[in-house]
Amino acid sequence: MRALITGITGQDGSYLAELLLGKGYEVHGLIRRASTFNTGRIDHLYQDPHAEGAKLFLHYGDLSDGARLVTLLHQINPDEVYNLGAQSHVRVSFDEPEHTGDTTGIGAMRLLEAVRLAGVDCKYYQASSSEMFGATPPPQNEETPFYPRSPYGAAKAYAYWVTRNYREGYGMYATNGILFNHESPRRGETFVTRKITRAVARIKAGLDQHVYLGNLDAIRDWGYAPEYVEGMWRMLQADEPDDFVLATGGNFTVRDFVATAFEHAGMDWEKYVRFDERYLRPTEVDALVGDASKAYEKLGWKAEVQTDELARIMVDADIEALEHEGRPWYDKVGLPNWPVVGAPGITGV
Ligand code: NAP
Ligand code: F7E
């Protein structure tokens, strides 16, 4: 089996690449050219493409470049395509709405159209999001109406519908995974869970004194990312394309997550958490709590790790990372505390 993953350098892409390589797939990943290395999450999977038996291949490309996508689909001729690439930060989508619409929304259409134009007979997975439900109250499932509350949510709703349209219009095997928040030690540092667990580790180590957050009242259903990529794969093993929610069904406020994370490190969160309005959004999604019973019935998928355990996994990982790696390079050279993932990595791709 041969798979193409867009967004392979992201949290989910890295876990999915691991899963598929473990199953014996040949894995092709789309990566963006950047002036710095952006492959920190997949460096441990790197294989010299010249070596016999190499199974991981990376290709430069971008979801904004339709011609490149057609060329790659022709060249790779995959059995499965996972479209995980996106500008995935909700707050940033208010700052960059046009770019978010172009990559997160229209990018999905470009990839579907590339599959169609290249005449590739493959299964297509679209990384749809619970953000599409937005203001519709929980619990949310596959039948819940969408009411997006951000340019990101609106772009994902477009991508969802265009995926269904290619399924219905062209008979393509195109499936939407509607995933609720899922996190891990590889989560980007500016999403709230990782921002919190990283702050816990740094405050405990004496590197920071406080962490500034926005709305602590938002309710989310946070699961563990490695389990969710298993769900993505299961969706594409079904006989027919369909749409599936993946979620834990639990509900935690941001405040609950903060309290659990600080408590796990033996600290009282109220001494360290401060409010900064810059982290508020023009429109907030108050509550997302998923009902994943369809995925359980049809795919046998169920979330095992609940949010409190997830918080502890992430705190432990961030504490361990600081203990074993020492202070990150950007602390040592006195630069601002930018989010940086991993170390210099793959060359020659
Ligand atoms: P992530 O860590 O932010 O990764 C996003 C990936 O997309 C990165 O590899 C990024 O490349 C790539 N990308 C960004 N813009 C691109 C473009 N124009 N062309 C090609 N690639 C581009 O996101 P994630 O958490 O792994 O999520 C994976 C997907 O699931 C995303 O589509 C996200 O919107 C969706 N989703 C996530 C969640 C969640 O809770 N994690 C829930 C529902 C849906 P760089 O590394 O170069 O930036
Ligand atoms: O915010 C609140 C914030 O940015 C969660 C993406 O993966 O999941 C993610 O989107 C909540 C929001 O994730 C801060 O207002 C408070 O209510 O971690 P987040 P998100 O917006 O839920 C969905 C399903 C996706 O599809 C997205 O790709 O936390 N919050 N204070 C904060 N959020 C951030 N980032 N930073 C704060 O300081």
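Remember, it's a predicted structure, so these values are computed and weren't measured experimentally. When a ligand or atom number is given, it counts from 1 through the structure's own listing order.
Closest heavy-atom approach to atom 13 (N) of ligand 1 among the candidates Ala86, Gly10, Ala155, Gly7: Ala86. Nearest-residue assignment for atom 13 (O) of ligand 2 (options Val192, Asp286, Asn181; heavy-atom criterion): Asn181. Between atom 26 (O) of ligand 2 and the options Ser129, Ala225, Ser128, the minimum heavy-atom separation is to Ser129. For atom 31 (N) of ligand 2, the nearest non-hydrogen atom from the set Gly188, Gly214, Ser130 comes from Gly214. In this structure, of Glu183, Arg91, Arg281, the residue bringing a heavy atom nearest to atom 21 (O) of ligand 2 is Arg281.
At a heavy-atom cutoff of 4.0 Å, ligand 1 is contacted by no atom of Ser130, backbone or side chain. By the criterion of a heavy-atom distance under 4.0 Å, neither the backbone nor the side chain of His89 is placed next to ligand 1. Counting heavy atoms under 4.0 Å from ligand 1, residue Asp62 touches it through both backbone and side chain. Residue contacts with ligand 1, taken as heavy atom pairs separated by less than 4.0 Å, involve His182 via backbone and side-chain atoms alike.
Which parts of ligand 2 touch Val90 is read off a 4.0 Å heavy-atom cut-off, strictly below it: atoms 10 (O), 21 (O). The ligand atoms of ligand 2 that sit less than 4.0 angstrom from a heavy atom of Glu284 are 3 (C), 12 (C), 15 (O), 17 (O). Atoms of ligand 2 found under 4.0 Å from any heavy atom of Thr190 (numbered from 1 in listed order, with element): 34 (C), 35 (N).
Remark: minimum distance from atom 11 (O) of ligand 1 to any protein heavy atom is reached at Thr9 OG1, 3.3 Å. For atom 29 (C) of ligand 1, the closest heavy atom belonging to the protein is Leu84 O, 3.2 Å.
The side-chain tip of Arg194 does not point at the ring of Phe191 from less than 6.0 angstrom away and within 45° of straight on. Taking the centre and axis of the six-membered ring of Tyr279, the NZ or CZ atom of Lys195 falls inside the cone set by 45° and 6.0 Å. Cation-pi contact between Arg116 and Tyr170: present, with separation from the ring centre below 6.0 Å and deviation from the ring axis of at most 45°.
Using a cut-off of 4.0 Å between Lys/Arg side-chain N and Asp/Glu carboxylate O, Lys298 and Asp239 are scored as not salt-bridged. With respect to Glu284 and Arg220, a salt bridge is recorded, a charged nitrogen being found less than 4.0 Å from a carboxylate O.
At a 4.0 Å cut-off, at least one heavy atom of His89 sits close enough to ligand 2 to count as contact. The closest approach between a heavy atom of Tyr152 and any atom of ligand 1 is below 4.0 Å. At least one heavy atom of Lys156 sits less than 4.0 Å from an atom of ligand 1. Judged by the shortest distance from any of its heavy atoms, Arg149 lies outside the 4.0 Å radius around the atoms of ligand 2. Assignment of Ser128 to the shell around ligand 1 is supported, since a heavy atom sits closer than 4.0 Å.
Residues Thr104 and Tyr158 have side chains not in contact (no heavy-atom distance under 4.5 Å, counting atoms from C-beta outward).
Between Tyr173 and Tyr124, the distance from one ring center to the other does not fall under 6.0 angstrom.
Only one option out of Tyr296, Trp233, Tyr228 pairs with Trp301 in a ring pair (Phe, Tyr, Trp, His ring centres under 6.0 Å); it is Tyr228.
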(Q) Working note: Lys123 + Asp79, criterion salt bridge (charged side-chain N to carboxylate O under 4.0 Å, His left out); need CA distance, chi angles, decisive distance, verdict. (A) CA-CA 6 Å; Lys123 295 181 172 181; Asp79 301 291; over 6 Å; no
Q) Does the pair Asp242 and Lys294 meet the rule for a salt bridge (charged side-chain N to carboxylate O under 4.0 Å, His left out), with working shown? A) CA-CA 11 Å; Asp242 205 341; Lys294 179 175 171 183; 2.9 Å; yes
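Using cut-offs of 30° and 60° for the angle between ring planes, the His28 and Phe57 rings count as parallel.
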